[in-house]
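This report concerns only the one structure given below.
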Amino acid sequence: MTVTVQFFSHFRQLTGTNEVTLELPADATVADAFAKFPSLQAARQSTLVAVGVEFVKWDAPLRDGDVVSFMPPVQGGADDELLITDQAIQDPGPVPGNVGAVVVFWGIVRDEEAGQKIAALDYTAYRQMAEHQFRQLIAETKSRYPVHNLRVIHRLGAIKVGEPSLLVRVESGHRAEAFAAAQFLIDELKKRVPIWKQAVT
């Protein structure tokens, strides 16, 4: 069978490509596909794996025509990261020594929408365009403000009241630019990024 394998973030540098086509046995799993890339083996334990747009485990079976994605985790103190995900959001963690200020914004689902009580918000997106717009916005924010790193994580799917749907994290040398950059990014994403929400009662 034939599958397409995609790489993201610095995995593209490690493999030297964004995408490759593999011929695999009919009973192949995600792990079998990953084994074809020696340069990634040291990162196996922390690698995120998806088939299509869903995260899967290493033993997930593959089918002809599948699109498999291998991605590094979102971590603090690394390069800029964007993740649009259906998984719970985790705080990215520690920062490097040149960071003197970290502003973290958690967007939490309230129990009210348009004046009515709700149980959750269901987020959907034009995913490819959302990622493109987010990356443009991250680049624009960094061109406007002297920040070191930005993290943007946005969840999709039904998110219950009290749970986070968005994490924006700005790392900078000083607090003023960190706050300003976070405010700009949050305001602009609401205007430019094609992610929609619908109340669940």
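Throughout, residue positions are numbered sequentially from 1 according to the sequence presented. The model shown is predicted, which means the values in this text are computed figures rather than measured ones.
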Got more than 12 heavy atoms from elsewhere within 6.0 Å of CD, Q41?
yes
Aromatic ring pairing Y145/F184, orientation class (parallel under 30°, perpendicular over 60°, tilted between)
tilted
All side chain to side chain contact (heavy atoms under 4.5 Å, CB included) counterparts of A28, not counting sequence neighbours
M1, L24, P25, D32
Return each pair, listed once, that meets salt bridge (charged side-chain N to carboxylate O under 4.0 Å, His left out) where at least one residue sits in residues 48-65; pairs must be two or more places apart or across chains.
none
Within this structure, what is the CD-OG1 distance for the pair Q136 and T141, rounded to the nearest 0.5 Å?
11.5 Å
For K160, check side-chain hydrogen bond (donor to acceptor under 3.5 Å, both in side chains) against everything at least two apart and list the hits.
none
Sort out for me which residue in L137, I186, L185 forms a side chain to side chain contact (heavy atoms under 4.5 Å, CB included) with V152.
L185
Enumerate donor-acceptor pairs with a distance under 3.5 Å from any side-chain N or O in residues 187-198 to protein atoms, sequence neighbours excluded.
unit_1	atom_1	unit_2	atom_2	d
D187	OD1	Q183	NE2	3.1
D187	OD2	Q183	NE2	3.2
E188	OE1	R192	NH1	3.2
E188	OE2	K191	NZ	3.3
R192	NH1	E140	OE1	3.1
R192	NH2	E140	OE1	3.0

Inter- and intrachain pairs under salt bridge (charged side-chain N to carboxylate O under 4.0 Å, His left out), touching residues 9-18, at least two apart
none
Any residue meeting side-chain hydrogen bond (donor to acceptor under 3.5 Å, both in side chains) with T15, in chain and number order, not counting sequence neighbours
none
Quick note, salt bridge (charged side-chain N to carboxylate O under 4.0 Å, His left out) partners involving residues 99-110, not counting sequence neighbours, are none
When you compare the side chain of V161 with that of I118, does any pair of heavy atoms fall below 4.5 Å?
yes
What residues, two or more places apart in sequence or in another chain, satisfy ring-ring contact (aromatic ring centres under 6.0 Å, His included) together with F34?
W58, F70
To the closest 0.5 Å, what do you measure between CZ (R135) and CG (L150)?
12.0 Å
Are the side chains of L167 and V104 in contact, using a 4.5 Å heavy-atom criterion?
yes
E23: which residues meet the side-chain hydrogen bond (donor to acceptor under 3.5 Å, both in side chains) condition with it, sequence neighbours left out?
T2
Just jot down the side chain to side chain contact (heavy atoms under 4.5 Å, CB included) partners of A101, sequence neighbours excluded, or say none.
R175, A178
Taking only residues two or more places apart in sequence, or in another chain, which ones meet P38 in a side chain to side chain contact (heavy atoms under 4.5 Å, CB included)?
none
Does the side chain of F7 come within less than 4.5 Å of F37's, by heavy atoms?
yes
Would you find more than 12 non-hydrogen atoms of other residues, nucleotides or ligands less than 6.0 Å from Q128 atom CD?
no
D122: which residues meet the side-chain hydrogen bond (donor to acceptor under 3.5 Å, both in side chains) condition with it, sequence neighbours left out?
none
